[in-house]
Amino acid sequence: MCGRGSLTRVESELEERFDATFYSEDLERYNPLPSFNIAPTNWHPVVIQEDAQHFNYLRWGLIPFWAKDPGIGSKMINARLETLSEKKSFKTSLMKRRCLVPMDGFYEWKKEPSGRKIPMRICTKKKEVFFMAGLYDRWKDPAGNIIPSFTIITCPANHFMEPIHDRMPVILLPQEERIWIENDLSLADIHSLLHAYPEDGLIAYEVSDHVNNVRNNDESLIQAV
């Protein structure tokens, strides 16, 4: 599971990293960066398959277009790699609505034999921005308002992550990022991109349990303790 993350860069740094720009009206509406404690239902900048030239703000927690109400989104923050092609919620988006979700770290809670859960921050060795593989959709409420939303694809943990958690987000390699949002990929091509990140490219360290509270959001949350 991936249920919390960080993106400590500002918009200009993301624009340079992926050569895509932000819509000014979205910046004025959301302006959430930097964020040290990104949680489900937060609005987050992503690059969608339909528009690789811009970062668009979507809500974390997929609300399929056919949903009766938006509450389903809180249950669909992640999409398991193993069942992507089977579940009604994901199979259409897998082919037509893929997205890139930028982060520079994510949090998991390592369970000790005593039962204590230790918050850990996982990032690349260079602590750089990376892109998780995601899916998105658009839901229309009864008043006609459109809510765009996304989910993050997860896969079984690699050997590095196994002591912390049994699953991890699919983090794309730099050379895979633009391919992920290309049109007309075959199902085989899509699945070839969905794999665990190289274990020798990650680091993990304990952080303050203040991260447990989603209302806490400051630089101290990413500092090692």
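Here the structure is a predicted model, which means the values were calculated and not measured.
The shortest side-chain heavy-atom distance between Trp60 and Ile38 falls under the 4.5 Å cut-off. Side-chain contact between Phe36 and Glu219 is present, with at least one heavy-atom pair separated by less than 4.5 Å. Residues Pro119 and Asp209 have side chains in contact (heavy-atom distance under 4.5 Å, counting atoms from C-beta outward). By the 4.5 Å heavy-atom criterion applied to side chains, Ile179 and Leu193 are counted as neighbours. Counting only heavy atoms from C-beta outward, the side chains of Asp218 and His210 never approach each other to under 4.5 Å. Asp51 is listed as a side-chain neighbour of Asn56, based on a closest heavy-atom distance under 4.5 Å. The closest side-chain heavy-atom distance from Leu135 to Arg97 is not below 4.5 Å.
Ring pair Phe160/Tyr197: centre-to-centre distance not below 6.0 Å.
Between the side chain of Glu86 and the backbone N or O of Thr83, no donor-acceptor pair lies under 3.5 Å. A donor-acceptor contact shorter than 3.5 Å is absent between the side chain of Ser93 and the backbone of Phe90. Asn158 places no side-chain N or O within donor-acceptor distance of the main-chain N or O of Ala196, the cut-off being under 3.5 Å. For Arg98 (side chain) and Glu182 (main-chain N/O), a donor-acceptor pair under 3.5 Å exists by modelled atom type. Proximity of a side-chain donor or acceptor of Trp180 to a complementary backbone N or O of Cys99 within less than 3.5 Å is detected.
Between Phe18 and Phe55, the ring planes are perpendicular. Angles over 60° get that label, and only those under 30° would be called parallel.
Residues forming a salt bridge (Lys or Arg N to Asp or Glu O under 4.0 Å) with Glu177 (at least two apart in sequence, or on another chain): Arg17. Here Arg121 pairs with Ser6, Asp104, Tyr205 under the side-chain hydrogen bond (donor to acceptor under 3.5 Å, both in side chains) rule; sequence neighbours left out.
Checking His195 against Glu176 by side-chain atom types alone, a donor-acceptor pair falls below 3.5 Å. For His44 and Ser35, the side-chain atoms include no donor-acceptor pair closer than 3.5 Å. For the residue pair Asp189 and Ser192, no side-chain donor N or O sits within less than 3.5 Å of a side-chain acceptor on the partner. When only modelled atom types and interatomic distance are considered, Arg167 and Thr154 share a side-chain donor-acceptor pair under 3.5 Å. No side-chain donor-acceptor contact under 3.5 Å links Asn42 and Arg59.
The two residues Trp139 and Asp69 have their closest heavy-atom pair at CZ2-CA, 3.7 Å. Residues Thr151 and Ala79 come closest through the heavy atom pair OG1-N, 3.4 Å. Taking every heavy atom of both residues into account, Val129 and Leu14 meet most closely at CG1-CD2, 4.0 Å. For the residue pair Met132 and Met103, the shortest heavy atom distance occurs at CE-CG, 3.8 Å. In plain terms, the two heavy atoms of Cys2 and Ile152 that are nearest each other are SG-CD1, 4.4 Å. Across every non-hydrogen atom of Asn37 and Val211, the tightest pair is ND2-O, 3.3 Å.
For NE2 of His165, the number of neighbouring non-hydrogen atoms (other residues, nucleotides, ligands) closer than 6.0 Å is greater than 12. Glu16 CD: 12 or fewer foreign heavy atoms inside a 6.0 Å radius. Counting non-hydrogen atoms of neighbouring residues, nucleotides and ligands closer than 6.0 angstrom, the CG atom of Asp19 reaches no more than 12 such neighbours.
Ile203 is not connected to Ile171 by any chain of hydrophobic side-chain contacts under 4.5 Å among Ile, Leu, Val, Met, Phe, Trp and Tyr, and they are in different clusters. Side-chain heavy atoms closer than 4.5 Å link hydrophobic residues (I, L, V, M, F, W, Y) into clusters, and following such links, possibly through other members, connects Tyr57 to Phe150. Hydrophobic cluster membership is shared by Leu173 and Leu81, with clusters built from Ile, Leu, Val, Met, Phe, Trp and Tyr side chains linked at under 4.5 angstrom. Residues Leu187 and Leu172 fall within the same hydrophobic cluster, defined by Ile, Leu, Val, Met, Phe, Trp and Tyr side chains chained together at heavy-atom separations under 4.5 Å. No continuous path of ILVMFWY side-chain contacts below 4.5 Å connects Val225 to Ile164, so the two sit in separate hydrophobic clusters.
Applying the ring pair (Phe, Tyr, Trp, His ring centres under 6.0 Å) test to pairs two or more places apart or on separate chains, none has a residue in residues 97-129.
Here the straight-line distance linking atom NZ of Lys126 with atom OG1 of Thr124 works out to 8.5 Å at 0.5 Å rounding.
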